> 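My questions all concern the structure below.
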Amino acid sequence: RAARFDMTKQNVDGEARWRFGDAVATGLGGGWERIKRSDNREVENSDEYFARAVLDVTPWDWLLTRLTYRPSFRRIGHYDPFAQLTRTSVDVDEVPAAIPTSQSPLLRKLDEADRDRQRVDLMVELTPVNTLSVTLSGSFRNDDYYNSRLGLQEASAWTAGFDVTWSPSERFSLSAGYNHESIDQKQRSRSRPGPPLDPVDFDWLTSTRDSIDAFYVGLRAALIPRTLDLLFGV
């Protein structure tokens with residue numbers, strides 16, 4: 001069973017934009033997010049701060065290019081590796097001899113660890129005719145879990161995709177798209193089975209790569225304008 005513990009999240013952000021003529025606009029902003037978790041998790045409070053820089057270039061009415069840079073920095077409070085010591089990872093009805101187990105005090109779980117993130121997003125929107133729009137998008141991010149002796153050490157990911165929308169009339173539109181995401185992760189693990197076999201250097205590094213391909217098709221039709229809409233998506 002997946003344990004779902006309650007948490008509270010609060011955030012604030014802002015941005016200022018400047019326009020240089022009709023073709024170029026830029027924006028600068030930043031924000032903060034705090035997560036307060038239940039006492040069943042190892043970290044009660046964490047704060048993440050981010051900055052954002054945006055550049056919009058629209059040389060023609062049918063072309064919009066947007067480049068976004070967003071660095072962020074998450075910092076945690078006290079990490080308690082024994083927060084779940086009173087819980088067991090197996091069902092005691094199935095394993096009567098089950099006992100609570102702890103984790104290494106050096107482990108940092110990825111959603112609770114200190115993390116520095118660098119992210120860049122690029123979006124290009126083309127509107128060759130009024131009834132057709134094409135959006136090309138791509139992004140890259142790198143996560144550095146610099147304070148994790150054990151657990152996820154580094155993760156990087158890139159995405160690329162497109163969306164097409166055709167609207168032959170105000171009452172009907174058809175859309176389709178595709179997105180590919182590739183994620184590379186490096187995790188450091190350790191085993192301490194105990195005597196008589198307990199090598200002090202029994203550590204290893206695991207590298208994994210995940211690829212995710214997503215496709216979609218959507219339909220929107222106004223059966224009765226401003227009263228009844230039909231929405232369909234796969």
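Worth saying up front: this structure is predicted, and the values here are computed from it rather than measured. Residues take their numbers from the sequence shown, with the count starting at 1. Excluded from the calculations below are hydrogen atoms, water molecules and symmetry mates; all remaining heavy atoms, backbone and side chain alike, are included.
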> Test of understanding: with side-chain contact (heavy atoms from CB on, under 4.5 Å), list the residues that count as partners of E112, not counting sequence neighbours.
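side-chain contact (heavy atoms from CB on, under 4.5 Å) list for E112, sorted by chain: R37, R41, E42, V43, Y79, K109.
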> Is there a side-chain contact between V124 and V134 in this structure, where contact means two heavy atoms from C-beta onward sitting under 4.5 Å apart?
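No. Closest side-chain heavy atoms not under 4.5 Å.
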> Picking from N142, D144, D143, what satisfies side-chain hydrogen bond (donor to acceptor under 3.5 Å, both in side chains) with R117?
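The residue from N142, D144, D143 that satisfies side-chain hydrogen bond (donor to acceptor under 3.5 Å, both in side chains) with R117 turns out to be D143.
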> Taking salt bridge (Lys or Arg N to Asp or Glu O under 4.0 Å) as the test, write out the residues that go with D80, two or more places apart.
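So D80 forms no salt bridge (Lys or Arg N to Asp or Glu O under 4.0 Å) with any residue.
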> Is the number of heavy atoms from other residues, nucleotides or ligands under 6.0 Å of R149 CZ greater than 12?
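No, not enclosed.
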> Nearest 0.5 angstrom please: W62 CH2 to T127 OG1, how far?
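If we round to the nearest 0.5 Å, W62:CH2 and T127:OG1 are 9.5 Å apart.
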> Taking side-chain hydrogen bond (donor to acceptor under 3.5 Å, both in side chains) as the test, write out the residues that go with R171, two or more places apart.
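Checked R171 against side-chain hydrogen bond (donor to acceptor under 3.5 Å, both in side chains); zero matches.
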> Can you list everything that forms a side-chain hydrogen bond (donor to acceptor under 3.5 Å, both in side chains) with D114? Sequence neighbours excluded, please.
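Result, side-chain hydrogen bond (donor to acceptor under 3.5 Å, both in side chains) vs D114: N147.
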> W204 and R190: which non-hydrogen atoms are nearest, and at how many Å?
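Closest approach of W204 to R190, heavy atoms only: CZ3-C, 3.9 Å.
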> Looking only at heavy atoms, which two atoms of T165 and S175 are closest? And how far apart?
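Minimum heavy-atom separation between T165 and S175: OG1-CB, 3.7 Å.
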> Checking L110 now: which residues fulfil side-chain contact (heavy atoms from CB on, under 4.5 Å) with it, not counting sequence neighbours?
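Only Y145, L152 meet the side-chain contact (heavy atoms from CB on, under 4.5 Å) criterion with L110.
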> Atom OG in S207, atom NZ in K186: separation rounded to 0.5 Å?
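Rounded to the nearest 0.5 Å, the OG-NZ separation comes out at 5.5 Å.
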> In sequence, state the C-alpha distance, the side-chain angles, and the governing distance for E181 and D210, and then conclude on side-chain contact (heavy atoms from CB on, under 4.5 Å).
CA-CA 8 Å; E181 181 176 14; D210 295 328; over 6 Å; no
> List the atom of P59, the atom of L63, and the distance in Å for their closest heavy-atom pair.
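P59 and L63 have their closest heavy atoms at CG-CD2, 3.8 Å.
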> Any chance you could measure R119, atom CZ, to S72, atom OG, to the nearest 0.5 Å?
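OG of S72 is found 9.5 Å from CZ of R119.
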> What donor-acceptor contacts under 3.5 angstrom involve side-chain atoms of residues 216-226, with partners at least two apart or in another chain?
unit_1 : atom_1 : unit_2 : atom_2 : d
Y216   : OH     : D163   : OD1    : 2.8
R220   : NH2    : D229   : OD2    : 3.3

> For atom CG of D61, is the number of surrounding heavy atoms from other residues, nucleotides or ligands below 6.0 Å larger than 12?
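No - once you tally the heavy atoms of other residues, nucleotides and ligands closer than 6.0 Å, there are 12 at most.
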> Do L28 and W18 make a side-chain contact, defined as non-hydrogen atoms from C-beta onward lying under 4.5 Å apart?
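They are in side-chain contact.
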> Excluding sequence neighbours, so at least two apart, what forms side-chain hydrogen bond (donor to acceptor under 3.5 Å, both in side chains) with S139?
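Here the qualifying residues are T159.
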> Nearest 0.5 angstrom please: D121 CG to R141 CZ, how far?
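Here the rounded value is 10.5 Å.
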> How far apart are the closest heavy atoms of P168 and T131, and which atoms are they?
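P168 and T131 have their closest heavy atoms at CA-CG2, 4.3 Å.
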> Side-chain heavy atoms nearer than 4.5 Å, only ILVMFWY residues, links allowed to pass through others: does that put L174 and F162 together?
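Looking at the clustering, F162 is in the same group as L174.
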> From F50 CZ over to N11 CG, what is the distance, rounded to the nearest 0.5 angstrom?
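Reported value, rounded in 0.5 Å steps: 7.5 Å.
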> Would you name the heavy atoms of R188 and D203 that are closest together and state the gap between them?
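Between these two residues, the closest heavy atoms are NH1-CB, 4.2 Å.
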> According to side-chain contact (heavy atoms from CB on, under 4.5 Å), who are the partners of V234, at least two apart in sequence or on a separate chain?
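Result, side-chain contact (heavy atoms from CB on, under 4.5 Å) vs V234: F232.
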> Please, which pairs that meet ring-ring contact (aromatic ring centres under 6.0 Å, His included) have at least one residue in residues 169-191, sequence neighbours excluded?
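Matches after skipping sequence neighbours: W158-H180, Y178-F215.
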> Got a sec, which residues hit salt bridge (Lys or Arg N to Asp or Glu O under 4.0 Å) with R209, two or more places apart in sequence or on another chain?
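For R209, the residues satisfying salt bridge (Lys or Arg N to Asp or Glu O under 4.0 Å) (neighbours in sequence not counted) are D184.
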> Treating Ile, Leu, Val, Met, Phe, Trp and Tyr as nodes and any side-chain heavy-atom pair under 4.5 angstrom as an edge, say whether V57 and L67 lie in one connected cluster.
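In one cluster: no.
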> Could you tell me the separation between the CD1 atom of I183 and the OG atom of S211, rounded to the nearest 0.5 Å?
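The OG atom of S211 is 8.5 Å from CD1 of I183, to the nearest 0.5 Å.
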> The test is side-chain contact (heavy atoms from CB on, under 4.5 Å); show your working for L122 and T65 and say whether it passes.
CA-CA 8 Å; L122 176 64; T65 301; 4.0 Å; yes
> Mind checking whether V129 and V164 sit in one hydrophobic cluster, side chains of I, L, V, M, F, W, Y counted as touching below 4.5 Å?
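Yes, because V129 and V164 connect within a single hydrophobic cluster, where side-chain heavy atoms sit under 4.5 Å apart.
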> Compare every heavy atom of P81 with every heavy atom of S104, then report the nearest pair and how far apart it is.
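Shortest heavy-atom separation between S104 and P81 comes out as O-CB, 4.0 Å.
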> Does the salt bridge (Lys or Arg N to Asp or Glu O under 4.0 Å) test come out yes or no for R115 and E48, once each step is laid out?
CA-CA 9 Å; R115 182 193 67 197; E48 184 161 7; 2.6 Å; yes
> Are any of the side-chain heavy atoms of F140 and Q118 separated by less than 4.5 Å?
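No, too far: nothing below the 4.5 Å cut-off.
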> Could you work out, with salt bridge (Lys or Arg N to Asp or Glu O under 4.0 Å) as the rule, every residue matching K36, not counting sequence neighbours?
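Counting only residues at least two positions away or on another chain, K36 forms a salt bridge (Lys or Arg N to Asp or Glu O under 4.0 Å) with E44.
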> Can you check whether D22 reaches T58 side chain to side chain, under 4.5 Å on heavy atoms?
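Contact flag for D22/T58 side chains = no.
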> Can you list the residues that meet the salt bridge (Lys or Arg N to Asp or Glu O under 4.0 Å) rule with E15, with sequence neighbours excluded?
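For E15 the salt bridge (Lys or Arg N to Asp or Glu O under 4.0 Å) partners, ignoring immediate neighbours, are R17, R52.
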> Does CH2 in W166 sit with more than 12 non-hydrogen atoms of other residues, nucleotides or ligands closer than 6.0 Å?
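No, CH2 of W166 has 12 or fewer neighbouring heavy atoms, counting only those of other groups under 6.0 Å.
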